[in-house]
Amino acid sequence: MYPLYSVIVPCYNEEAVLHETHKRLTQVLSRMDGSYEIIYVNDGSRDKTPQILRELAASDCHVRAIMFARNAGHQMAVTAGLDYAAGDAIVIIDADLQDPPEVIPEMAEKWKAGSQIVYGQRKKRDGESAFKKITASVYYKILSWMTGGMVPRDTGDFRLVDKKVADVIRGMPEHARFLRGMFAWVGFKQEALLYDRDKRFAGETHYPLKKMLKLAADGIFSFSVKPLKFITWMGMGLIFLAGLMLLTLLILLICGVAGGNWWLADLMVGLTGVILSALGVVGEYIARIYDETRGRPLYIVADALGFKDGE
Ligand code: UDP
Ligand code: MG
């Protein structure tokens, strides 16, 4: 087999790193056992990124460049790359060399051994602030719990996926995209590859807190209905509490104690419980509407054997 590798590189204001990134990627890819294409996606950069990409595309036949008309976000840039990638194996890697290109051949080995998704899992993160490390660690724990362990911890978008997996992702038109969750969700044979995440080569992060929070929320709300269940459980809890209070008040009444304002308090707890439970019920329907409108595939076929046009 002489495979074609596609490497997707989302770029937003990355003029300071692009030449180095291209050099490192080319060094690695030219020594692999197949041909390759590097797809740079310029996500509406306002610096010299588009010019640099034009030059690279003109001087290197392995380079493809997709220019967005405006900034659409990292996840959309990767999505566009996936749509255009022709490869048998497709690699997603950040432009800033935090994900070392030298790991790609190891990923390819695992792919050739039968894994369809090889995701990079970070052993340690260099050069990132304590704040980022702590919030990332807490977030991944919550996400892992919310999704029943489906989304692996300490995993970003750096990964190699088989063509078949990319085809499935191309058929998932959801707008709130959390690709690492989508890849976890589709199944297939997945394997982790541990690596050390480096410092950013140059420039600074384009993930300010606001973008990070949006991504974090997409991860939770697109892959878990647990937040909704909390509302229902809270409502049920309050109704139960109101029942206990009522029982206590009745016993006190029998013993000759009037209870005073506590009757009102009990009523309020009970009614709040009813309202929250009702919200939970409404939420369940909204979750179903969400599920329908998102248009995810109903099932994902990894192989179909014995059909005339099948393999
Ligand atoms: N990126 C992008 N669009 C954006 C923000 C970031 O395409 O709106 C790209 C960026 O060029 C880089 C990758 O996404 O290749 C990861 O971004 P960054 O390194 O800034 O995030 P961090 O590693 O700090 O989380
Ligand atoms: Mg980075």
Side-chain angles (χ1 to χ4, degrees), residues 6-25 38-53 56 63-85 90-101 103-104 119-140 143 151 153-160 175-183 195-219:
S6 296
V7 178
I8 301 170
V9 190
C11 311
Y12 179 55
N13 296 344
E14 298 288 11
E15 61 179 10
V17 302
L18 272 179
H19 285 293
E20 180 67 18
T21 304
H22 188 64
K23 202 175 89 193
R24 290 256 304 265
L25 277 174
I38 307 177
I39 306 175
Y40 292 100
V41 185
N42 165 36
D43 182 14
S45 302
R46 276 161 298 159
D47 64 354
K48 292 210 181 63
T49 299
Q51 284 95 305
I52 298 173
L53 293 185
L56 287 177
V63 171
R64 326 265 178 265
I66 300 168
M67 308 289 183
F68 276 6
R70 65 166 173 82
N71 180 244
H74 173 214
Q75 301 287 301
M76 299 306 162
V78 175
T79 301
L82 282 169
D83 287 343
Y84 281 82
I90 300 165
V91 176
I92 302 166
I93 189 167
D94 281 357
D96 59 1
L97 296 171
Q98 280 197 283
D99 310 322
V103 174
I104 296 175
Y119 56 87
Q121 198 162 33
R122 295 149 192 168
K123 267 191 291 186
K124 66 179 173 64
R125 291 161 162 258
D126 258 351
E128 284 180 310
S129 65
F131 174 74
K132 175 119 184 196
K133 282 184 199 165
I134 292 168
T135 48
S137 149
V138 172
Y139 174 68
Y140 279 116
L143 184 68
V151 181
R153 272 192 210 169
D154 297 327
T155 302
D157 290 312
F158 182 36
R159 62 187 64 226
L160 178 149
H175 283 217
R177 292 178 93 71
F178 184 69
L179 284 163
R180 58 200 79 165
M182 291 164 69
F183 282 117
Y195 76 105
D196 291 326
R197 189 157 162 90
D198 290 330
K199 281 198 218 29
R200 192 173 232 290
F201 177 73
E204 35 192 71
T205 176
H206 306 300
Y207 259 98
L209 196 59
K210 201 172 136 208
K211 273 188 191 168
M212 230 161 71
L213 287 177
K214 183 185 179 304
L215 187 68
D218 283 347

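Whatever order the structure lists ligands and atoms in, that order sets their numbers, starting from 1. Model, not experiment: these values are computed from the prediction. We number each residue from 1, following the sequence as shown.
The part of N71 lying near ligand 1 is the side chain, judged by heavy-atom distances below 4.0 Å. When heavy-atom distances to ligand 1 are checked against a 4.0 Å cut-off, R200 comes that close only through its side chain, counted from C-beta outward. Here E14 has side-chain heavy atoms under 4.0 Å from ligand 1, and that is the only part of it that gets that close. Residue contacts with ligand 1, taken as heavy atom pairs separated by less than 4.0 Å, involve K132 solely via side-chain atoms from C-beta onward. Here Q75 has no heavy atoms under 4.0 Å from ligand 1, in either its backbone or its side chain. Contacts between T205 and ligand 1 below 4.0 angstrom, taking non-hydrogen atoms only, involve backbone and side chain alike.
Summarising the geometry, atom CD belonging to Q121 is positioned 10.0 Å from atom CZ belonging to R159; distances are rounded to the nearest 0.5 Å. Going from atom CG of L179 over to atom CD1 of I92 covers 6.5 Å, rounded to the nearest 0.5 Å. Between the SG atom of C11 and the CD1 atom of I52 there is a distance of 9.5 Å, given to the nearest 0.5 Å.
A distance-only check finds a donor-acceptor pair linking the side chain of N71 to the backbone of D43 [under 3.5 Å]. No donor-acceptor distance shorter than 3.5 angstrom exists from the side chain of D94 to the backbone of D96, with no hydrogens or angles considered. In this structure a side-chain-to-backbone donor-acceptor pair under 3.5 Å is missing from Y12 to H206.
Tally of protein N, O or S atoms closer to the Mg ion (ligand 2) than 2.8 Å: 2.
Between D218 and R177, the closest side-chain pair of non-hydrogen atoms is not below 4.5 Å. You'll find the side chain of D157 reaches within 4.5 Å of the side chain of H74, heavy atoms only.
Across M76, H74, M212, heavy-atom proximity to atom 14 (O) of ligand 1 is greatest for H74.
Protein heavy atom nearest atom 23 (O) of ligand 1, with residue, atom name and distance: Q98 OE1, 2.6 Å. Residue, atom and distance of the protein heavy atom nearest to atom 1 (N) of ligand 1 are Y12 CB, 3.7 Å. Among protein heavy atoms, atom 16 (C) of ligand 1 sits closest to D94 OD2, 3.4 Å. Closest to atom 21 (O) of ligand 1, if we only count protein heavy atoms, is Y207 CD1, 3.2 Å. Atom 9 (C) of ligand 1 has P10 O, 3.8 Å as its closest protein atom, hydrogens excluded (heavy atom only). Closest to atom 4 (C) of ligand 1 among all protein heavy atoms lies D43 OD2, 3.4 Å. The closest protein non-hydrogen atom to atom 8 (O) of ligand 1 is K211 NZ, 2.8 Å. Annotation: atom 20 (O) of ligand 1 to nearest protein heavy atom, H206 N, 2.5 Å.
Between Y40 and H22, the ring-plane angle classifies as tilted under the 30° and 60° cut-offs.
Close N/O approach between D96 and ligand 1 is found [any backbone or side-chain N/O within under 3.5 Å]. Here's the thing with A95: one of its N/O atoms is less than 3.5 angstrom from an N/O atom of ligand 1.
For K210, the side-chain contact (heavy atoms from CB on, under 4.5 Å) criterion is met by no residue, not counting sequence neighbours.
Classification of R122 and D196 as a salt-bridged pair fails, no side-chain N sitting under 4.0 Å from a carboxylate O.
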